[in-house]
Every structure is written in structure tokens, then in C-alpha cells.
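The chain is numbered in sequence order, starting from 1.
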Amino acid sequence: MKMQLNTGIFKLQWYIDQMRGWSFKTYMLLMLGIGVIIGTTCSSSLNFISLITMVAAILGFTCTLAITNARPINGILGLVSSIIYIIVSVAAQNYANIILQAIYIFLLDLPVLLLPSWTKNAEKHIRGLNFKNWVFSLLFFFVVLSLLYLMDTRIFISPRPWIDATAGAVGITGSMLCMLHFREQYYFWTIQGILAIILWGVTTFQGDANLTLFLTYILYLSNDLLAFTDKHTHWFH
């Protein structure tokens, strides 16, 4: 595929067009999510980390909804939010999540921005995993899990190595499936959403993060469930 920058990202009309045509349930979830994220942030003590967490949460949540609606705007939204999430994850010592966010950038965000043909009529290229692909995907998951756990326990010392590594491995596997347009990515996104809720809930309880990310990942999980149930989205309908 020819590498070419999507110049639409420099035009306001492109962003307006990208936000049109989403399912009604998606718009409702977006408004609810933004309200929850802003409200949660403002109800706690404000500092640099909490403010950039709010920005990343809003952009990241909008990004996941854009993926559900097969909109290429997820590229720029995901790129910015992932960069901020890396900063937040460094502060929280969730090192596998740093790798996960970097993978998001290279597998989900940059292809959208640099390979226009990858996103053209994306809903028409959605397919399902066969048995061979399932075996490969699960093998890929266990290899990534092992590497992330070793990183969290041998290179960096994470306070939450098993949760951090498992959530990261599931998310990286989901990213690979998303890049290849497999609908089964949403099984992994759902599991990763549950694990991320646990990860950031424990992180918040241990005093290494604020409540915003914990609630944001609950919102992410609601988007995953929407992909299964909303007949106006393409991944399962």
C-alpha cells in the first residue's frame, strides 16, 4: 500500500464530516461519556495529571466510538490520546499500558493517517476469524503476555504486574485484529475493557491515579457492548 498522509486532517470540514452519520445510540453514549469524564475530573483535586487525563479520556473515548462507526477520525484522536495516556501511565507505573498505547499508535492510528486505502470503505472489508486465525491470535496473545510480564517484573518493577501485563496483552491482540479488519476484535476489546477497569480501579485505590480513568474504561466497555447490540454499526450487523 502506498504511504500518503491523509491531508483531510488539516481541514475543519473533514472533522465535521467524520462526526456525521453515527448511530443515534453512539451519539447518546458520547454525550454521556463526555459529561461523566468532565464531571469526575472537576469533582476531584485538579492538577496537571488530572487535566491531561481528562483530555486523553475524552479523545480516547471518542476514538473508540469512531472505530465502532468505522470512521477514520479515530486515527488522529487515538494518536493524541495515546501520547497523553503514555504520560499518565508513566506516572502510575503501569508499564505494560505504555507499550499498549504505543502499539495503538503504530497499529491503529498511523495506518489511518498514512494509508488512506486501509480505511477506504472499511465496513466492506470486515471479516471473521477461522480456526487457524483463532489459534494464531491466541498464540500471539500468550507470547505478548509473557513478554509484558517479564518486562513488568524484570526490567521495570510494576506494583500490578499480572493485571497490567494481561490487560496490555489483550489490548495488543485486539489492536492486531482491528488492523486486519476482524470483527472478533470486539471480544478482545470487551475483555480488555474489564481488565482495564480492574487495573485502573486498583491503581486508583493504591493512590497512583485519579477516578477519571477508572470510569472512562467503564465507558469504553459500554462502547464494546454497543458494537454487539446496535444494528446500525457494521462490525456485527
- Does some side-chain heavy atom of Thr53 sit less than 4.5 Å from a side-chain heavy atom of Thr41? no

- Query: Side chains of Gln18 and Leu77: closer than 4.5 Å at any heavy-atom pair?
  - Reply: no

- Task: Give the intermediate values and the outcome of side chain to side chain contact (heavy atoms under 4.5 Å, CB included) for residues Phe188 and Met176.
- Result: CA-CA 10 Å; Phe188 287 87; Met176 180 191 68; over 6 Å; no

- Message: Please tell me whether Val143 and Leu148 are part of a single hydrophobic cluster in this structure, the criterion being side-chain heavy atoms less than 4.5 Å apart.
- Response: no

- Task: Taking all non-hydrogen atoms of both residues into account, name the closest pair between Asp109 and Leu79 and its distance.
- Result: OD2-N, 3.1 Å

- Task: Please identify each residue that fulfils side chain to side chain donor-acceptor pair (under 3.5 Å) with Arg20, with sequence neighbours left out.
- Result: Asp17

- Message: Membership question, hydrophobic clusters at under 4.5 Å side-chain separation (ILVMFWY): are Phe205 and Ile198 in the same one?
- Response: no

- For the residue pair Thr173 and Ser137, what are the closest heavy atoms and their distance? CG2-O, 3.9 Å

- Are Ile73 and Ile16 connected, step by step, through hydrophobic side chains (Ile, Leu, Val, Met, Phe, Trp, Tyr) whose heavy atoms are closer than 4.5 Å? no

- Message: With heavy-atom distances below 4.5 Å as the criterion, would you say the side chains of Val170 and Trp189 are in contact?
- Response: no

- Who else is in Val135's hydrophobic cluster (ILVMFWY, side-chain heavy atoms under 4.5 Å, direct or via others)? Phe131

- Note on the structure: Between Ser82 and Gln101 the two heavy atoms that sit nearest each other are OG-OE1, 3.2 Å

- Message: Between Tyr27 and Phe24, is the ring centroid distance below 6.0 Å?
- Response: no

- Item | Approximate separation, where rounding is to 0.5 Å, of Tyr149 OH and Thr166 OG1 | 9.5 Å

- Item | Residue pair Leu30 / Thr62, side-chain heavy-atom distance below 4.5 Å | yes

- Message: Tell me whether Asp164 contacts the main-chain N or O of Leu199 through its side chain, where contact means a donor paired with an acceptor under 3.5 Å.
- Response: no

- Task: Find the distance between SG (Cys63) and CD1 (Ile58) and round it off to the nearest 0.5 Å.
- Result: 14.0 Å

- Query: Has the side chain of Tyr85 got a donor or acceptor atom that lies under 3.5 Å from a matching backbone atom of Ile98?
  - Reply: no

- Query: In Å and rounded to the nearest 0.5 Å, what is the CG to CE distance from Leu65 to Met19?
  - Reply: 8.0 Å

- Task: Could you tell me whether Tyr15 atom OH has more than 12 heavy atoms of other residues or ligands within 6.0 Å of it?
- Result: yes

- Minimum-distance pair of heavy atoms, taken over all atoms of Thr26 and Trp22: CG2-CE3, 3.4 Å

- Task: Step by step, work out the side chain to side chain contact (heavy atoms under 4.5 Å, CB included) result for Ser89 and Trp200.
- Result: CA-CA 10 Å; Ser89 296; Trp200 288 102; 3.9 Å; yes

- Sole residue of Asn97, Asn210, Asn94 in side-chain hydrogen bond (donor to acceptor under 3.5 Å, both in side chains) with Thr203: Asn94

- The reported gap from OG1 in Thr64 to OH in Tyr217 (rounded to nearest 0.5 angstrom) is 10.0 Å

- Message: Can you tell me how far apart CD1 (Ile218) and CD1 (Ile194) are? Round to the nearest 0.5 Å.
- Response: 11.0 Å

- Can you name the nearest heavy-atom pair linking Cys178 to Gln185, along with the distance? CB-OE1, 3.2 Å

- Query: Okay, side chain of Asn47, backbone of Ile49: is any donor-acceptor separation there less than 3.5 Å?
  - Reply: yes

- Message: Among residues at least two apart in sequence or on other chains, which ones pass side-chain contact (heavy atoms from CB on, under 4.5 Å) with Phe156?
- Response: Tyr95, Met151

- Within-4.5 Å side-chain heavy-atom neighbours: Tyr220 and Gln192: no

- Query: Is Met31 reachable from Val36 through a run of hydrophobic residues whose side-chain heavy atoms are each under 4.5 Å from the next?
  - Reply: yes

- Where is the tightest heavy-atom contact between Ile105 and Pro111, given as atom of each residue plus distance? O-CD, 4.1 Å

- What do the steps show when you test Ile172 against Phe140 for side chain to side chain contact (heavy atoms under 4.5 Å, CB included), and what is the final call? CA-CA 9 Å; Ile172 290 173; Phe140 177 83; 3.8 Å; yes

- Query: Can you get from Leu147 to Phe106 by hopping between Ile, Leu, Val, Met, Phe, Trp and Tyr side chains that sit under 4.5 Å apart?
  - Reply: no

- Query: Taking the side chain as C-beta and beyond, is there a heavy-atom pair between Leu219 and Ile37 under 4.5 Å?
  - Reply: yes

- Message: So, taking the atom named CG in Leu226 and the one named CG in Leu221, what distance separates them when rounded to the nearest 0.5 Å?
- Response: 11.5 Å

- Message: Just so I know, are the side chains of Leu129 and Phe136 near enough to count as touching, which here means a heavy-atom distance under 4.5 Å?
- Response: no

- Check against side chain to side chain contact (heavy atoms under 4.5 Å, CB included), Phe61 and Leu29: CA-CA 10 Å; Phe61 183 53; Leu29 186 57; 3.6 Å; yes

- Query: Is any side-chain heavy atom of Leu195 less than 4.5 Å from a side-chain heavy atom of Ile163?
  - Reply: no

- Task: Would you kindly say whether Thr68 and Asn223 are connected by a side-chain donor-acceptor distance under 3.5 Å?
- Result: yes

